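Below is one structure, written out as structure tokens, with a few remarks after it.
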Amino acid sequence: MRTEFLEKKNIYPNGANSPTEHSEFLCPCGKGKIIEENVRGFCDHYVWIECDACEKKYRIEHSDSSRWEVVLRETVTQKEKKMLIRTMQKKDGAAVLSLMRGFYDSPAILCHAPTEILQKDIDACVGECPFVEGIVAEIDGVIAGYAMMSKGFSTEYGGISVMIEDLFVTDEHRGRGLGAALLRHIEEKYKDTAVRLRLEVEPSNAGAMRLYEKCGYRVLPYTQMTKEL
């Protein structure tokens with residue numbers, strides 16, 4: 001790893017104490033700016049960004065009130081690593097459960113489901129349940145993300161509707177295109193059998209919303225209501 005400092009532009013707009021989607025930095029390549037590319041929004045101390053010219057990825061870490069430390073990743077990129085997205089299998093249970101626990105304990109989820117419910121979800125995905133399916137994303141043989149999809153029928157569109165119930169990528173793999181790869185895989189998987197893909201997202205999760213919009217999703221003007229049985 002090596003460290004560089006980039007010129008700061010509009011890093012604290014409107015008194016914010018972290019970068020926003022409006023933040024811009026000059027890239028050392030001299031050909032473009034580097035822009036925010038964190039799938040799940042900003043954390044407290046860092047954000048992944050990418051130059052729009054040379055496409056190098058950087059990790060921006062908070063340094064002080066006037067500068068952000070820019071660490072250029074000199075290891076291989078995610079694309080250069082072996083990425084595999086495949087159907088969830090029984091052998092994946094422990095790894096997926098660990099990821100699910102992290103997901104369901106995060107602010108992205110309103111209902112913090114107990115572990116026994118998460119285990120039932122996994123069992124349904126790898127079992128005979130016809131209503132839910134799961135996929136995992138591996139990087140060099142290690143599960144780095146997962147998704148679960150449930151199937152229903154849309155009377156509005158006259159066909160199968162697929163709800164993306166869960167979509168999660170581990171912290172160390174966020175901002176590198178894995179979430180988008182999972183979404184592309186889901187679209188390819190159901191393009192000949194479903195008429196619609198749906199998902200839910202917290203309005204405060206700006207990074208996730210930008211990813212979904214980039215992948216073609218739009219906000220529905222509906223208010224969902226629910227009743228547990």
Side-chain angles (χ1 to χ4, degrees), residues 38-41 83-90 92-93 95-97 99-138 143-170 173-174 177-229:
N38 186 355
V39 171
R40 294 184 58 80
M83 180 189 296
L84 174 66
I85 298 178
R86 59 170 176 80
T87 300
M88 190 180 296
Q89 300 173 14
K90 189 173 183 178
D92 305 321
V96 173
L97 182 60
L99 267 60
M100 291 185 76
R101 190 69 275 162
F103 180 42
Y104 277 83
D105 287 341
S106 75
I109 298 295
L110 295 179
C111 178
H112 299 283
T115 298
E116 54 266 30
I117 293 295
L118 306 186
Q119 185 62 58
K120 287 179 64 175
D121 296 338
I122 296 171
D123 292 342
C125 284
V126 301
E128 301 298 324
C129 181
F131 305 113
V132 63
E133 295 180 289
I135 58 175
V136 296
E138 290 183 345
I143 294 179
Y146 81 97
M148 289 183 178
M149 299 76 64
S150 63
K151 291 175 284 186
F153 191 90
S154 170
T155 56
E156 187 176 7
Y157 284 84
I160 299 298
S161 176
V162 174
M163 181 73 173
I164 303 174
E165 300 282 352
D166 292 11
L167 181 71
F168 181 76
V169 175
T170 58
H173 294 98
R174 290 177 189 165
L178 195 55
L182 282 165
L183 288 171
R184 287 193 299 270
H185 184 93
I186 293 170
E187 185 171 344
E188 184 68 21
K189 178 180 178 67
Y190 295 110
K191 69 177 183 180
D192 295 326
T193 58
V195 296
R196 192 184 211 185
L197 297 175
R198 296 186 64 164
L199 52 78
E200 294 177 346
V201 59
E202 277 289 289
S204 60
N205 197 344
M209 291 192 69
R210 284 192 293 275
L211 169 66
Y212 302 146
E213 289 172 348
K214 185 186 295 185
C215 291
Y217 292 79
R218 59 185 176 83
V219 176
L220 285 174
Y222 299 143
T223 296
Q224 291 198 26
M225 300 178 71
T226 181
K227 180 179 180 180
E228 282 67 47
L229 300 177

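All residue numbers refer to positions in the sequence shown, counting from 1. All figures in this text were calculated on a predicted structure; none of them were measured in a lab.
Put simply, CE on M88 and CD on E133 are 10.5 Å apart, with the number rounded to the nearest 0.5 Å. Once rounded to the nearest 0.5 Å, the distance linking CG of L97 with CD1 of I122 reads 4.5 Å. Going from atom CG of D123 over to atom CG of L118 covers 11.0 Å, rounded to the nearest 0.5 Å.
Annotation: side chain of Q119 is not in contact with side chain of M100 (no heavy-atom distance under 4.5 Å). The side-chain heavy atoms of I135 and I85, taken from C-beta on, include a pair separated by under 4.5 Å. You'll find the side chain of Y212 reaches within 4.5 Å of the side chain of L167, heavy atoms only. Looking at M209 and V219, their side chains come closer than 4.5 Å, going by heavy atoms from C-beta outward. Contact annotation: the side chain of I160 never approaches that of Y190 to less than 4.5 Å [non-hydrogen atoms, C-beta and beyond]. Between M149 and L197 the shortest side-chain heavy-atom distance does not fall below 4.5 Å.
With sequence neighbours excluded, the residues that form a side chain to side chain contact (heavy atoms under 4.5 Å, CB included) with L84 are R86, E138. Listed by chain and number, the residues in a side chain to side chain contact (heavy atoms under 4.5 Å, CB included) with V132 are A124, C125, C129 (sequence neighbours excluded). Applying the side chain to side chain contact (heavy atoms under 4.5 Å, CB included) rule to R184 yields the partners A180, A181; only residues at least two apart in sequence or on another chain are considered.
Nearest heavy-atom pair across C215 and L183 is SG-CD1, 3.8 Å. H112 and S106 get closest at one heavy-atom pair: CE1-O, 3.4 Å. Taking both residues in full, the closest heavy atoms of V162 and K151 are given as CG2-CG, 4.2 Å, listed atom of the first, atom of the second, then distance. Nearest approach of R101 to A113, heavy atoms of both residues: NH2-O, 2.7 Å. Contact record, L99 with A144: CD2-C, 4.1 Å, taken as the closest heavy-atom pair. Counting all heavy atoms, side chain and backbone alike, G179 lies closest to L211 at C-CD2, 4.2 Å.
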Exercise. Might you work through the side chain to side chain contact (heavy atoms under 4.5 Å, CB included) test for R198 and L220, ending with a clear yes or no?
Key: CA-CA 10 Å; R198 296 186 64 164; L220 285 174; 3.4 Å; yes

Exercise. Go through the steps for V169 and L182 under the test side chain to side chain contact (heavy atoms under 4.5 Å, CB included), then give the verdict.
Key: CA-CA 9 Å; V169 175; L182 282 165; 4.1 Å; yes

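Donor-acceptor pairing under 3.5 Å is recorded for the side chains of E228 and T226.
The pair E188-K191 meets the salt-bridge criterion, since a charged nitrogen lies less than 4.0 angstrom from a carboxylate oxygen.
Applying the 6.0 Å contact sphere to CD of E187 captures no more than 12 heavy atoms from other residues, nucleotides or ligands.
Ring orientation note: the planes of F168 and Y146 are tilted relative to one another, at an angle of 30° to 60°.
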